[in-house]
Amino acid sequence: MLVSAISLALMLAFAVVPLPAVISPFRPDCVAVVLLYWSLMAPRRFSLFTAFWMGLALDTLTGALLGQHALALLVVVYVAERFHLRLRVFPVSQLALTVLILLGLYEFILFWIDGVAGRTVPLIQRWAPPLTGTLAWLVLLAMLDSRRGEARARL
C-alpha cells in the first residue's frame, strides 16, 4: 500500500514539473499510467474513489477545468477494474495494446471536454502522450513486477 501511495504522489508531482519545450508534448499522462497499473494489478486497493480524487488533484495542480481529469480517470479506471481479470491473462504485448487503447480513451475524453469548452490543444500534445504513456507503463510493469517477484521469493 505504501509503494502505491508513494507512486501516485510522485506522479502528481511529475505532472507539474516543467519540461523543456522540445519534449513537453511527449510527457506521458503519468497519473493515468500509474492508476491503470494499480487498477489492473491490485484492483482491491484502488477504487473509483481514488481515481476521482487523483483527477481532482490533477485538475487543481495543472489549472485544467475542475473535473476534467477526474471524469476521464473515472472512466478509464472503471473499464480497467471491470475487465481486470480478463486483461491480466493477456500476454504483455496485448496488455500494452490494451493500455494504449485505454490511454487513447483518456485523451479522447479530455479532447471532448476541451472541445465543449472551446479550448484547442495542438495535435502532437493530444496524441503523443498515449504512446509515451504506454512505454512508461511497460517500464513500470517491468520494475514493479520484478519487485513483487522478489517479495514473493522471500516468503
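When the side chains of ILVMFWY residues are joined at heavy-atom separations under 4.5 Å, either directly or via intervening members, Tyr37 and Trp53 end up in a single hydrophobic cluster. Note on Phe52 and Val33: same hydrophobic cluster, where clusters join Ile, Leu, Val, Met, Phe, Trp and Tyr whose side-chain heavy atoms are under 4.5 Å apart, directly or indirectly. Hydrophobic clustering (side-chain heavy atoms under 4.5 Å, transitive across Ile, Leu, Val, Met, Phe, Trp, Tyr) keeps Leu135 apart from Leu40. Note on Leu48: it clusters hydrophobically with Leu73, by side-chain heavy-atom contacts below 4.5 Å among ILVMFWY residues. Both Tyr78 and Val99 are part of a single hydrophobic cluster, where members link through side-chain heavy atoms under 4.5 Å apart.
By the side chain to side chain contact (heavy atoms under 4.5 Å, CB included) test, Ile101 pairs with Leu97, sequence neighbours left out. Under the side chain to side chain contact (heavy atoms under 4.5 Å, CB included) criterion, Thr50 pairs with Leu8, Leu35, Phe46, Ser47, Met54, not counting sequence neighbours. Ala96 meets the side chain to side chain contact (heavy atoms under 4.5 Å, CB included) test with Thr134, Leu138; sequence neighbours excluded. Looking at residues two or more places apart in sequence or on another chain, you find a side chain to side chain contact (heavy atoms under 4.5 Å, CB included) between Trp112 and Val116.
Remark: the backbone N or O of Val3 is paired with a side-chain donor or acceptor of Ser7 at under 3.5 angstrom. A donor-acceptor distance shorter than 3.5 angstrom exists from the side chain of Asp59 to the backbone of His69, with no hydrogens or angles considered. Side-chain atoms of Thr132 come within 3.5 Å of backbone N or O of Phe26 as a donor-acceptor pair.
Between Trp38 and Val34 the shortest side-chain heavy-atom distance falls below 4.5 Å. Annotation: side chain of Met41 is in contact with side chain of Leu141 (closest heavy-atom distance under 4.5 Å).
One finds the CG atom of Leu12 at 6.5 Å from the CG atom of Leu58 (value rounded to the nearest 0.5 Å). Remark: Ser24 OG to Ile124 CD1 distance equals 11.0 Å, nearest 0.5 Å. Here CG of Leu36 is found 10.0 Å from CD of Glu81. Values are rounded to the nearest 0.5 Å.
Within the structure, no pair that satisfies the salt bridge (charged side-chain N to carboxylate O under 4.0 Å, His left out) test touches residues 14-38, not counting sequence neighbours. The list of salt bridge (charged side-chain N to carboxylate O under 4.0 Å, His left out) pairs with a residue in residues 117-138, not counting sequence neighbours, reads Glu107-Arg126, Asp114-Arg119, Asp114-Arg126.
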For Val79 and Phe83, what are the C-alpha separation, side-chain angles and deciding distance, and is it a side-chain contact (heavy atoms from CB on, under 4.5 Å)?
-> CA-CA 6 Å; Val79 171; Phe83 298 110; 4.0 Å; yes
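Shortest non-hydrogen contact noted between Ala72 and Leu110 is CB-CD2, 4.0 Å. Across Ser39 and Val77, no two heavy atoms sit closer than the pair OG-CG1, 3.4 Å. Across all their heavy atoms, Ala64 and Gln68 have their closest contact at CB-OE1, 3.5 Å. Closest approach of Thr62 and Ala15 over heavy atoms only: CG2-O, 4.4 Å.
Using the six-membered ring where Trp is involved, Phe108 and Phe111 have ring planes that are tilted, between 30° and 60° apart.
Each of Leu102, Leu103, Leu95 was compared with Trp137 under the side-chain contact (heavy atoms from CB on, under 4.5 Å) criterion, and only Leu95 meets it.
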